[in-house]
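One structure is given below, encoded as structure tokens.
Residues take their numbers from the sequence shown, with the count starting at 1. No experiment lies behind these values; they were computed from the predicted model shown.
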Amino acid sequence: MRYLTSFPRLLPALGLSLFLSGCYSRSDMKSEEGAAAAEKPWAEMPDNVRPAEAPGVEAPEEASDVVSGAAAQPLQAVNVFLEVSGSMEGFMPKTGTSGENTKFQQHVAQLLSDINRTTAAKQKSFFRIKEKPYADTYPGISATVRSGIQQPAKSTELPAVLDTLMTRYYQPGTVSVLISDFIYSPKNAGAIPYIKTDITDALQRNGAQPDLAVSVYGYLSDFRGTYYPALKAAGKKTNCCNTEIPYYIWVLGPADAVRRFDAALLEQQPAKQAHFGVTYPRPAYSVLDKFQNKGAWYYGDAGASKRMAGTYRVVAVSEASAQQPVEFVVGLNLVQLPGQYKDVAYLKQNLKLEGVDTDAKLLDVTPATDQTKASSGPQSKYTHFVKVRLTQQPKAARPLVLRLQDQRPAWVAQWTTRNDGTPAPKTFALSSLLDGLAPTDATRPIFELPLTLQPAE
């Protein structure tokens, strides 16, 4: 969102072949988702059996634990806010004789329809953001996206809008969906260092919300209209563009509601992602035998011979050395995580293996293949596989943890610019803007998966 005047505005986942000299279980050894309403500003809203966990690691709910119950209930409400200031006209140009439309129009029109029809929420409300939010209807807001902004707003202030969303629309089981170019155009250049603070303050002005979460989805669209730089000193407005311009969808609300909305309505669409404060159930995971195994080890879980594969967390090592290393694979089912955390490149960089008194190291992370998916073995249940190697036999039971850290995705820096005078697929001060969303516990992991290494009996 850019200024049209000098006023501030909403800028806004292993396997093992069974060999007597290789991996074996103890049982093998022994026996085996128009028109606008009256202009009414600021409208009110009418493992089943789990083994002991590794010491010091608190186990969150597993994905299988939250498939039913409250997580399966629809959200109370979804409130959609579309910015209709002048800088957004290029995304929603008035329909021409050729009938052409932009990627933004195709995408957002479909998203609005999906939200309007979804059973994932009981109530859906739509608003246009001008200098402030105004109540609208689904037909009205859809017509604006398809046919263009009839009366663009002069200015909209992002902190004020975020303040209002938190004050009037932040409720249990409710999300606010904000669609904009999110150009925060401060009144003067001296305010630039305070962008992060302005966003943080706006989100907390109504009182700290410990469960507040924000998901950010970034997209690129062709743009046919007047382009406004964030700062006047950066350049003059111009008609454009020969390049695509970013726009964003922010989903704000309690962490559980944001996670459920994302999964129901946004995960099916390719997008850049960044998530702040969203929490996820612990993925289902298990050590797998008969799949890419190496060395002398077996399942050390109590009662392993009587349990179904898929809940094994203890590796009992009979022998390990540099000449005879042990390798085992852990299957992970990451289906309930957003795309950012399922990306193999992200996992290879940010999934860490931490242990005590062991040289175990993470060798590789690979995605499921058509072969693993079609397998009759337990590996068919997993989306990703982590291979671990060790060359030293543990002297006693020792904890081992797979931990996925939450890191700012690289695209944020790539899409950030401090000078947007020339149209480009970048957003003014995007990194600073998202810094304002980062929770105080930004170093928390996305998940921790406890395992145990122990010597064979």
Side-chain angles (χ1 to χ4, degrees), residues 1-12 36-37 39-45 77-89 91-92 108 112 115 125-136 141 144-145 149 151-171 174-187 191 194-209 212-218 228 230 246-254 257-258 261 276-277 427-430 432-437:
M1 314 166 196
R2 301 172 175 84
Y3 279 133
L4 292 179
T5 70
S6 61
F7 295 100
R9 46 184 315 284
L10 171 60
L11 314 174
E39 298 261 318
K40 184 180 179 182
W42 312 101
E44 299 285 353
M45 291 188 302
V78 174
N79 301 302
V80 182
F81 301 83
L82 173 70
E83 190 207 354
V84 293
S85 62
S87 69
M88 294 293 290
E89 285 189 284
F91 291 115
M92 297 172 278
V108 174
L112 293 173
I115 293 174
S125 301
F126 301 89
F127 304 84
R128 285 169 292 117
I129 295 180
K130 300 179 75 172
E131 72 281 356
K132 59 185 70 174
Y134 286 83
D136 207 326
I141 201 169
T144 296
V145 170
I149 303 172
Q151 296 180 326
K154 291 183 178 181
S155 64
T156 318
E157 189 178 352
L158 177 55
V161 170
L162 295 178
D163 184 298
T164 299
L165 298 189
M166 293 299 297
T167 302
R168 296 178 177 267
Y169 301 96
Y170 190 90
Q171 298 290 337
T174 298
V175 297
S176 293
V177 181
L178 187 54
I179 306 170
S180 169
D181 57 5
F182 281 89
I183 304 298
Y184 187 11
S185 183
K187 191 172 184 178
Y194 306 105
I195 292 176
K196 171 185 180 296
T197 301
D198 289 348
I199 299 303
T200 300
D201 288 348
L203 293 174
Q204 299 298 329
R205 200 165 288 134
N206 187 43
Q209 301 289 351
L212 171 64
V214 183
S215 283
V216 173
Y217 293 83
Y228 298 85
Y247 67 95
Y248 304 88
I249 295 175
W250 285 20
V251 183
L252 302 87
V258 171
F261 180 87
F276 303 87
T427 296
F428 176 73
L430 178 63
S432 296
L433 196 64
L434 300 192
D435 285 343
L437 303 179

Practice task
Check each of Val78, Val214, Val258 against Val251 using the side-chain contact (heavy atoms from CB on, under 4.5 Å) test, and report the only one that passes.
Solution key: Val258
Fill in the blank from the handout: Heavy atoms of Tyr169 and Thr174 approach each other most closely as O-CG2, 3.6 Å
Exercise for the section: Of all the heavy-atom pairs spanning Ile179 and Met88, show the shortest one and how long it is. Expected result: O-CE, 4.4 Å
Practice task
Could you check whether the rings of Phe81 and Phe127 sit parallel, tilted or perpendicular, using 30° and 60° as the cut-offs?
Solution key: parallel
Handout entry: Beyond-backbone contact of Val161 with Glu83, side-chain heavy atoms, under 4.5 angstrom
Key = no
Practice task
Measure the shortest side-chain to side-chain distance between Arg128 and Ile149 over non-hydrogen atoms and say whether it is less than 4.5 angstrom.
Solution key: no
Completion exercise
All heavy atoms of Gln209 vs all of Gln204, minimum pair found to be N-OE1, 3.6 Å
Handout entry: Any Leu178 side-chain heavy atom under 4.5 Å of Leu162 side chain
Key = yes
Handout entry: Which residues share a side chain to side chain donor-acceptor pair (under 3.5 Å) with Thr200, sequence neighbours left out
Key = none
Problem - Minimum side-chain heavy-atom gap Leu203-Leu252 below 4.5 Å - result: yes
Problem - OG1 on Thr144 to CZ on Phe126, rounded to 0.5 Å - result: 12.0 Å
Handout entry: For Pro254, all residues meeting side-chain contact (heavy atoms from CB on, under 4.5 Å), sequence neighbours excluded
Key = Tyr170, Asp211, Ala257
Fill in the blank from the handout: Correct closest heavy-atom pair for Phe276 and Leu437 would be CB-O, 3.5 Å
Problem - Any side-chain heavy-atom pair of Pro159 and Tyr184 under 4.5 Å - result: yes
Practice task
Output the distance between atom CD1 (Ile141) and atom CG (Asp136), rounded to the nearest 0.5 Å.
Solution key: 5.5 Å
Handout entry: Side chain to side chain, Val108 and Met92, heavy atoms closer than 4.5 Å
Key = no
Exercise for the section: Please identify each residue that fulfils salt bridge (charged side-chain N to carboxylate O under 4.0 Å, His left out) with Asp435, with sequence neighbours left out. Expected result: Arg408
Fill in the blank from the handout: Ser215 meets the side chain to side chain donor-acceptor pair (under 3.5 Å) criterion, sequence neighbours left out, with Asp262, His275
Handout entry: Results of ring-ring contact (aromatic ring centres under 6.0 Å, His included) for Tyr247 - residues two or more places apart only
Key = Phe91, Phe104, His107, Tyr219
